[in-house]
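Sequence lines set the chain letters: A, B, ... in the order given, protein chains first and strands last, and positions in each chain run from 1. Hydrogens, waters and symmetry mates play no part in the numbers below; they use all other heavy atoms, side chains included.
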There are 2 protein chains.
Amino acid sequence: MSTEARLELGPSSLTDALYESIRKRIVNGEIPQGEKLTEVRLATEYDVARPTAKAALERLTALGLLRRTAHKTAVVPVLDEAEIRDLFFSRMTIEKAAVSALAATGQVPADAARAQVAIEYAARDRLFENQVEADIAFHTALVAAVGSRRLTRMHELIIGEVHLTMGQYQAHRKAAPTTVAEEHAAILEAIQQGAQSAAADHLAYHLEQAQGRLLSTLSGH
Amino acid sequence: MSTEARLELGPSSLTDALYESIRKRIVNGEIPQGEKLTEVRLATEYDVARPTAKAALERLTALGLLRRTAHKTAVVPVLDEAEIRDLFFSRMTIEKAAVSALAATGQVPADAARAQVAIEYAARDRLFENQVEADIAFHTALVAAVGSRRLTRMHELIIGEVHLTMGQYQAHRKAAPTTVAEEHAAILEAIQQGAQSAAADHLAYHLEQAQGRLLSTLSGH
DNA sequence: GTCCTAAGATTGTTAGACAAGAATGCACGA
DNA sequence: TCGTGCATTCTTGTCTAACAATCTTAGGAC
C-alpha cells in the first residue's frame with residue numbers, strides 16, 4: 001500500500017470521496033481479506049483528519065465491507081461457506097422480487113441491457129475485473145429499475161459483499177467466460193415476455209450457479 | 001421538548017444510548033413528523049458533544065427515521081401514500097421470504113409467540129402504544145427466527161419506518177383492536193403446519209390490511 | 001411588490017487532547 | 001523450556017475549540 005493516496009474530489013463531500021476510494025480498493029481485491037484498517041493509518045495515507053476516516057469506516061462497516069466491534073480495528077471480512085450461502089439467500093430474496101416486478105411490466109431496463117453488452121465484451125477480451133464490475137452493474141440495474149427506493153437500499157446493503165467476494169476471488173476464477181452472459185440473457189428474455197415465474201426461475205438458477213462457482217473456488221483454498 | 005434529557009448508560013457506547021433515546025422518541029410520536037433536529041440542539045439537550053450527536057443522526061438517517069441532505073438540517077420524514085406503498089412492498093418482500101422459510105421448518109418462533117400474547121393483552125387493555133411495540137416485535141421475531149443475519153439487517157432497514165409511521169398515527173388509529181391478533185394467529189398456524197404458500201398468503205393479506213389501515217388514517221388528514 | 005445582498009444559522013472538516021478498552025511483548029516463575 | 005501475569009503500547013471513544021463552506025432568512029434598494 002502506498003504511503004499516500006490521491007482523492008478525486010468529484011463528490012461534494014470529502015467523506016464521500018474517501019469512502020468511495022476505500023470501497024473500490026476493497027472490492028477489487030487491492031486490500032485483501034483479513035487486512036486491518038486503522039483510523040490513523042487511513043487518515044495518514046489520505047491526509048485527512050481521523051474523524052473523517054472514522055466516518056468512512058463506519059459507512060463501509062454498515063455495508064458489510066468491513067467488520068469491527070467496539071475498540072477493535074476494522075478488518076476486511078473473510079466470508080466462509082455459511083456466510084456466502086446466507087448472502088446468496090438474502091440476495092435471491094431481493095432480486096427475485098425485482099425481476100418478478102419487472103416481468104409484470106414487460107420492460108427490459110436499458111441499464112441492464114447496457115451492462116449485458118459490457119459483460120459480453122469483457123468476457124470476449126478476458127478482462128475479468130471489468131466482467132465483475134459489469135455483472136454487479138447488471139444486477140444493480142435490475143433492482144433499480146423496479147423504482148422502489150427501499151428495495152434498492154436493501155440491495156445496496158448486500159451487493160457490496162457480493163462484489164467483495166467476487167473481487168477477492170477474481171484471480172482464481174478464470175472459468176465461465178460466456179455462461180454468465182447466457183444466463184443473464186435468459187432472465188432478460190423472460191422479463192420481456194412478461195413471464196414472471198420464468199424470470200424468477202432463471203434468476204434463481206443463475207444465482208445458484210454463481211454461488212456454486214464461488215464456493216468451488218473457496219474450497220480450493 | 002424538555003431542555004434536558006437523561007440518558008441511560010446501559011449500552012457501552014454513548015452514541016448508542018443517544019441513538020436509542022432519539023429513536024424511541026421518534027417512533028412513539030414524541031418528536032412529530034416534520035420536526036427539525038439540529039446537531040447543536042441535540043448536543044445541548046443531552047449534554048453531549050456535537051460529533052456524538054452527529055453520529056447518532058447519521059445512524060438514524062441510515063434507517064430512514066430521519067432525512068437530510070448535505071448542509072441541511074435533519075428532519076423527521078412525512079411519508080406520503082406512494083412512500084407507504086413502497087415501504088410495504090419492500091416489507092412484503094422480506095417478510096414473505098421469512099415466513100416461507102419458517103414454514104419449511106414447521107417451527108413457530110418462541111419470540112413471535114410471546115409477542116402475540118403481548119398484543120392480545122395490549123388490545124384487551126386498550127394500550128395502543130404497547131400494541132404497536134408488540135406488533136413490531138412480532139414481525140421482527142419472525143424475520144430474526146430465520147437465522148439469516150443479512151435478511152435481518154435488511155428488515156431492520158425498513159421496519160424503523162414502519163414503526164415510525166404507526167407510532168406517529170397512533171393517536172388517530174383507535175380501530176382494529178383484535179383483528180391484528182387474529183391475522184397474526186393465522187400466520188403462525190400456517191407456519192406450524194408447514195404450509196409455505198399459505199403462510200405467505202396469510203402474511204400478504206395481513207400486510208395489505210395493515211397498509212390499508214395506515215392509508216385510511218392518512219387520507220383523514 | 002420583487003429582487004438582491006448580507007448577516008445569521010447550520011453543517012463539514014480539522015486539530016489536539018484525554019480516557020478507556022484491547023492487544024502485545026517481556027519478564028518472571030514453575 | 002514453557003506458561004502466566006503485568007505493564008506498555010496501540011487503537012478507539014469522546015470531548016473541546018475552531019474555521020470553512022453552505023444554506024437560510026431577513027432586510028433594503030429599486
Distances under 3.5 Å only, N/O to N/O: pair up the protein atoms with those of nucleotides 15-17 of chain C.
| unit_1 | atom_1 | unit_2 | atom_2 | d |
| --- | --- | --- | --- | --- |
| C/dA17 | N6 | A/R50 | NH2 | 3.2 |

Subject >> A/K36 vs B/R68, nearer the 5' end of DNA chain C by closest nucleotide >> reply: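 Of the two residues, B/R68 wins.
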Original post:
Do any pairs count as a side chain to side chain donor-acceptor pair (under 3.5 Å) and have a residue in residues 69-78 of chain B, sequence neighbours left out, and if so which ones?
Top reply: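 Found none.
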Just the table, please: protein N/O against nucleotides 5-11 of chain D N/O, every pair under 3.5 Å.
| unit_1 | atom_1 | unit_2 | atom_2 | d |
| --- | --- | --- | --- | --- |
| D/dT11 | O3' | A/T73 | OG1 | 3.3 |

Subject >> By side chain to side chain donor-acceptor pair (under 3.5 Å) - contacts of A/T93 (at least two apart) >> reply: none
Subject >> Exam field: side chain B/E95 to backbone B/H155, donor-acceptor pair closer than 3.5 Å >> reply: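 No, B/E95 side chain to B/H155 backbone: no donor-acceptor pair under 3.5 Å.
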Original post:
Can you tell me if A/R67 uses its side chain to pair, donor with acceptor, with the backbone of A/G64 under 3.5 Å?
Top reply: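 No: the side chain of A/R67 does not pair with the backbone of A/G64.
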Original post:
How would you list, by chain and number, every residue that makes a salt bridge (Lys or Arg N to Asp or Glu O under 4.0 Å) with A/E39, sequence neighbours excluded?
Top reply: A/R50, A/K54, A/R68
**OP:** Can you run down the salt bridge (Lys or Arg N to Asp or Glu O under 4.0 Å) pairs that involve residues 144-158 of chain A, sequence neighbours left out, and say none if there aren't any?
**Re:** A/R149-B/E83, A/R150-B/E83, A/R150-B/D86, A/R150-B/E161
Subject >> CG on A/D125 to CD on A/E120, rounded to 0.5 Å >> reply: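 Reported value, rounded in 0.5 Å steps: 12.0 Å.
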Original post:
Under 4.0 Å between a side-chain N/O of B/T15 and OP1 or OP2 of D/dT14, yes or no?
Top reply: yes
Subject >> B/H139 ring center near B/H163 ring center (under 6.0 Å) >> reply: no
